[in-house]
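Here is the structure we will look at, set down as structure tokens.
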Amino acid sequence: MSWDFIVPVCLDDLVKSGAVNQYVVQDVLSAKQLPSHINSFKAALRSQGPLCILEHFDTAYSVLKHCRTVDVAVKEDTLELLIQVVRGLSVSLPTLLLSGSLSAVDRKQQLNTVKMSVFLLCKLTETLESDSYRETIVAAPSKGRKKDKVAGKGLLQWDSEREKVLQCLTQLLQLDIRTLWSLSLVEEEFVSCVTCCCYKLLENPTISHVKSKSTRDAIIHVLGIMVKKYNHMLGACVKVIQLLQHFEQLASVCAQAVAAWSSEYGVKAIVGEIMREIGQKSSEELAREGSGVKAFSSFLSELSTLVPETMIPNISVLLTHLEGESPSLRVAVCEVLGEVLVRVLSGDKLGDSARASRDRFLDTLQEHIHDAHSHVRARVLQVYARIVNSKALPLCRYTEVMELTVGRLGDKSVHVCKSAIQLLAAFIAHNPYSCKLSSVDLKKPLEKEMAKLKEMRDAQKEQMLVAVITAADLWDAMKPEVEMTVKAQLEPGSEEEEDEKEEQTEGREERSDRDTALQIAQFLRESKYRKAVGLCMRAHSLFPESSFFTDLAVLNAETLINTLATLFKGPEQETTEAMSSDAPPTPQKEGGGNEGGESELKKQEMLVQYLKDTESFALQVERAIAVINNMLYWKTTTVVQEAVQFCVTAFEFSVADSVCGVRKMLPLVWSTDVTIKDTVIQAYRRLYLNPPGDNTRAKAQTLVDNLSDLMIDASLGTVQCLEEIVQEFFSSESALQTSVVQVLWERFSGKRETKALHRRAAVLLLGMAARAEREVVLSNLDTLCSVALGEKVAEDYLLARDTLITIANITDHVRQSKGVPFRLPVDHHLFSCLSQAIADGVVQSDPHWQTFMEQAVRLLYFLAESPDQLCSRLLQRSAHLLLEQITECGEPNQSQLQEGGSQGSEEQANCVSLAQVLSLCGAVAFWQVSHLERSVSSELRRRRGEKEEKEEKEKAPANKKEANDSCVEEELGLVGASAEDTEVEFIRKICDTELLAEGNMLSAFLPLLVKVCSSPGKYSHPQLTTAACLAISQYMMISPAVCKDNIRLLFTVLEKSPLPVVRANTIVALGDLTVRFPNILEPWTPNLYARLSDDNASVRLTAIMVLTQLVLKDVMKVKGQVSEVAVLLLDPEPHIASLALNFFNELSAKDNAIYNLLPDIISRLSDPERGMKEEDFNTIMKLGSFMTDDQYEGPGLPPLCDLVLSPVCRTERQWADLAVSLSLLSVCERGFKKLQECWDCYSDKLTEPGVYQPLLSIAAKLRRRAKSQFKAQVEDYEKRLTAVHTKGLENVESEEKEQQMGDTQSQNMQTPQPHKSVRKTTRGRGKPKLNDSDLVTPRKSCSRPKHAITFTSDEEEEEDAVMAESETPKVTTPIARTRRTRLRH
């Protein structure tokens, strides 16, 4: 064979004539000729084997040339033939290569066969891959069923054929075919031919899918062979970088490939080369590449998870990107550092260099916790969470990283906060300190151990003073004499003495440098300073390379003294064992007998340090809990979920205050977000409802203990939320539920010794179980009565109260059941116990009787058949007991009552008893009304419904007309309407006429209540006053007549009572009365708003809560007095300020509610009579949500601008406040036009800086985001503002007028205009010059007269509620504005 096959760069090169003896394609066949030649190719393959490719190369080459036009069958046959050729070579070549007897001709023949077959196979594979991808793109199916049909048009089963190609290439390339080339140097074109085919296959979008794993692995395997055997490492590095730059989805595939080449094929250098290429990328290059940066980041992160140890030597080249601008690359580098720390640089057996690298990497990560980009901060925290979970963080860094993480809880990014919570939970779950993290529990052990350490140190100091003298102390003592000796020895006259020393030490010069150093130290200890100095001076010449005497290269007094000091103090500790036994004891040896004491001291120091670290860690966790507890009510669902999980983790590790977080997340069971609700329920199941234990009894005991701890000191809201979870638990019957109920009854009944708080918790839990199953409590009513409501009821009214709450859970009111109401007969033992307990408690002074009584009366009306009769007898009995007590003690005179019972304990007891009777009257009155409107009314409706159903069944419609009429009435909703109205009127009539009629027990107490409330000087006892005011408000709920008669009295109490609790209770009562009788309470609205400025914080808190409910539920109209709520935004109490802010946030959600009040709020707040500071006004405007809503940007400007012209705005301070309010609006182009239209309203005020600066800031903000055309308008407006501010409005207008007149004259001179009666517009032009009279009274505009704006809320005077009838408000005064401008919807 005389020719050589040169692998071409492109197909057309084989047609051109090249160098001498280079193969050239002779005949390119047409598409029609190909089938017959392929058949000849097949026959030749069967007869000649792989060598047939030498003769039929042109046939396969022609298929490549006509690949887009030939049939699929031709391409399939050609591919199959080429695969068989390559496989044949894989079988035949090993024998030939091992024999070593190939001639030059045979070697050339085999080499040409290999290159031809591999070239054709690779090129055909590339072509078929491109065709397959093109078909997929062009004919992409929209539905799954059409996909198979489309794929069938191309090469059949190309995925499997692709794998066959890669397998046969692998088999061939694994052979040592390099020996076929001269000097075993494989040409670059051959390597590129194979690798380009593989890289082409990698570009397939589906190569990273799971279904393509086998193909992907085969490609990586072929490339690995090329990298290892065919010197393709540098080419692979360049190609990997290119693939990452252009194909972002290949990041994971490239990482897997590089990891395989490094670990399986041993080419570890390729990792460093690729890392260097990425590390040398500049910020400008990365900015241009775009998606390539993400691919680089993903590649590095993936690679670090596969071969972290291989990346360590070259990791420094990546650290430069931490200072770059790409956040994704900073994240990737941090993740690489994290993987290295977790997988390689962890554990206690690290060397010094590894430990130094670990600390350096941790410092780098720690710096980027405060990275400028939120994504980087979040990912670094996640890296730290992985490090902590893997226990790879050194103990010394726990506190520092913990502190930084707690600081990130206040990050503005939600993702950072979530990652910080996850890291803190990991810290707690994997903390190396203690299973219980409580700083309170750790404080005492720490103090104890610190005291013990102090005692040990004091004892050691005393011992050191007696027996231990350090070498440094001895040197300091002898140093002056040594210095004198050195100076004397260095003088010229000391030669004779040196000769004598040489003679004395001639026999000792053979000793070593170490022995000489020890001898010098020995001379110094024996105070033989001259010998020591002389020997030291001679030592450098004897031992010039010794480390002991290197400083003596320059011999002077300073180097000599330093060498002597080092020999005396330094080497002694190292050479004490080598010193001769006859040497005198050194100072260190004298104190060496206390090694045991020193070891104990070190152990104690380590223990104290451990306790300090533990306490510091616990304090950081407690600090984090305080922040995370507030995150439980964020709007972001994922943050709330992480916060809930953190609270669970903290509770499981007994962190102090973790119960607060567990209780605080409990109301989230009512969340509308199903995810949050499920998370909370699962958290409580994990903490409380799935207890550990060996048996059911132990589990029940643990569950009850956990729930009881949660119930102790829990608020009413917490208990209500817990009911939802416990009820769900008891809804499913199981052995555990039965055991829990049994344990609860045992605790309540006292069979097992239990604390009072746990007994109360047990009975409340039984009530929660009763909501799911009534028989749990109903079958044990006698037990409840005997234990909690019997003779010992007075010993624990709180237990009795909680028992009544439990019994109430079996009633229809709580269970909301329908059907025949469940009630017990009047003579039931329960009611006799309650009546006895209430009546006996009236004449006692127990502070908890009040709450017990309220629950008892509530239960009577919920459960008794005739509760009004029971309560009537109860009131009569209580009154008799009170009279008997007064009779026994003697009736108090008027002076004793005026002094508030200070004349003795008997009068005090009478006032308390009277207060309790009045409280009982108020409770009975309230629940009597509730009983009529809820129970009696619902029972009437139920009976009417049953009656109507019965009549419908018994009596069919008389005829078809009646049936049609009834259907019409049903459609119109008239069926039952008249009957229901009759029932409502019946109940109302009972309340108006019968409840307080003569002969009713309730009517007997009303005059007494009025007398006590209207005579605070005579009845000044606090409890009596509080009870009377609360009771009279409950009486006023009965009917409008009672409310009207006593409303003035109640408001007088509200404003003039000195007791904050009375004022707070009265506000709550007036809120209920406003809901019940809104028309009666409406004129008194200003008096309610006045309590927002009460001196007492609890009264202000109650007022804002009541008014918020009334306003947001549309019970009370929003008036100008809402500005008093705005003042509370600056309240010193944070809770009140947050409620005020919530009020405006909720009010802003209502359509235009704040817009209608905006002028009123601003005018009231900026009123000079109020005296509000300018800073406070600005703060209120910024905090309140009424100035930031975009819907007010257009409509909100005219009323604010017109406010400047109103009589209300009359001072410079008010102008400035209005300007600040305008600057807070989100003004856009539409708002800017409104601002220009209202120029006349504020232009004459622009000379004031307080008006000019805010308007200028509005223009500046508009200019920054404006387009070119609009930007010019804004700049003209700015110039106009500045001109008016600096020159004055009159001067600017006169200049504009003169300029306008000049332009008009010049225009008239050029072209005369015909006279037309056209009305001239005045917008945007200067006004005519005003005379002095115009400054006093503005001229009326001919275009649109402007009326002065009046605000009725300012004209109204807040009147105090007094006893005089003439001062009672009669009618409401709605807010009305005289402007024609109305709100645009």
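- Judged by distance alone, with hydrogens and angles left aside, the side-chain atoms of Ser262 form no donor-acceptor pair with the main-chain N or O of Val271 at under 3.5 Å.
- In the model, Thr305 has no side-chain atom that pairs as donor or acceptor with a side-chain atom of Glu339 under 3.5 Å.
- Test Leu318, Val376, Thr320 against Val333 for side-chain contact (heavy atoms from CB on, under 4.5 Å) and you get one pass: Leu318.
- For Lys664, the NZ atom sits in a packed shell: over 12 heavy atoms of surrounding residues, nucleotides or ligands are nearer than 6.0 Å.
- No side-chain N or O of Asn690 forms a donor-acceptor pair with one of Lys699 less than 3.5 Å apart.
- Smallest separation of non-hydrogen atoms from Leu446 and Val608: CD1-O, 3.9 Å.
- Between Phe617 and Phe427, the ring planes lie perpendicular to each other; the angle is over 60°, past the 30° to 60° tilted range.
- Tyr230 places a side-chain N or O within 3.5 Å of a backbone atom of Leu173 that can act as its donor or acceptor partner.
- Between the side chain of Ser304 and the main chain of Ser301, a donor-acceptor pair closer than 3.5 Å is present.
- Counting non-hydrogen atoms of neighbouring residues, nucleotides and ligands closer than 6.0 angstrom, the CD atom of Glu400 reaches no more than 12 such neighbours.
- Between the side chains of Ser208 and Gln249, no donor-acceptor pair is found at a separation under 3.5 Å.
- Leu337 places a side-chain heavy atom less than 4.5 Å from the side chain of Leu319.
- Of the residues Leu341, Leu362, Val342, the one that meets the side-chain contact (heavy atoms from CB on, under 4.5 Å) test with Leu393 is Leu362.
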*asked:* Apply salt bridge (charged side-chain N to carboxylate O under 4.0 Å, His left out) to residues Arg386 and Glu335 and explain how you reach the verdict.
replied: CA-CA 10 Å; Arg386 173 161 164 70; Glu335 290 182 344; over 6 Å; no
*asked:* For Arg358 and Asp363: C-alpha separation, side-chain torsions, deciding distance, then whether salt bridge (charged side-chain N to carboxylate O under 4.0 Å, His left out) applies.
replied: CA-CA 9 Å; Arg358 180 196 66 186; Asp363 291 337; over 6 Å; no
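- His321 contributes a side-chain N or O that, together with a main-chain N or O of Ile278, makes up a donor-acceptor pair within less than 3.5 Å.
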*Taking it one step at a time, do Asp352 and Arg355 satisfy salt bridge (charged side-chain N to carboxylate O under 4.0 Å, His left out)?*
CA-CA 5 Å; Asp352 293 339; Arg355 189 175 289 107; 3.6 Å; yes
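- Proximity of a side-chain donor or acceptor of Arg216 to a complementary backbone N or O of His209 within less than 3.5 Å is detected.
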*Take Arg276 and Glu273 through the salt bridge (charged side-chain N to carboxylate O under 4.0 Å, His left out) test and state the conclusion after the steps.*
CA-CA 5 Å; Arg276 274 190 291 274; Glu273 288 295 329; 2.8 Å; yes
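- One N or O on the side chain of Trp261 and one on the backbone of Ile220 form a donor-acceptor pair closer than 3.5 Å.
- Among the candidates Gln382, Arg377, Arg408, Glu642, the single residue satisfying the side chain to side chain donor-acceptor pair (under 3.5 Å) test with Ser419 is Gln382.
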*Apply ring pair (Phe, Tyr, Trp, His ring centres under 6.0 Å) to the pair Tyr688 and Phe651, showing each step before the final yes or no.*
CA-CA 11 Å; Tyr688 296 104; Phe651 182 80; 5.7 Å; yes
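- Looking only at side-chain heavy atoms (C-beta outward), Thr675 and Gln641 come within less than 4.5 Å of each other.
- For the pair Glu652 and Arg686, the minimum side-chain heavy-atom distance is below 4.5 Å.
- In the model, Ser326 has a side-chain atom that pairs as donor or acceptor with a side-chain atom of Ser328 under 3.5 Å.
- Annotation: Asp359, atom CG; neighbour count of heavy atoms from other residues, nucleotides and ligands within 6.0 Å is above 12.
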_Using side-chain contact (heavy atoms from CB on, under 4.5 Å), reason through Val659 and Asp709 one step at a time and then give a plain yes or no._
CA-CA 9 Å; Val659 179; Asp709 292 338; over 6 Å; no
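- No more than 12 heavy-atom neighbours from other residues, nucleotides or ligands sit within 6.0 angstrom of CE on Met450.
- In this structure, OG in Ser658 is found 11.5 Å from CZ in Phe653, a value given to the nearest 0.5 Å.
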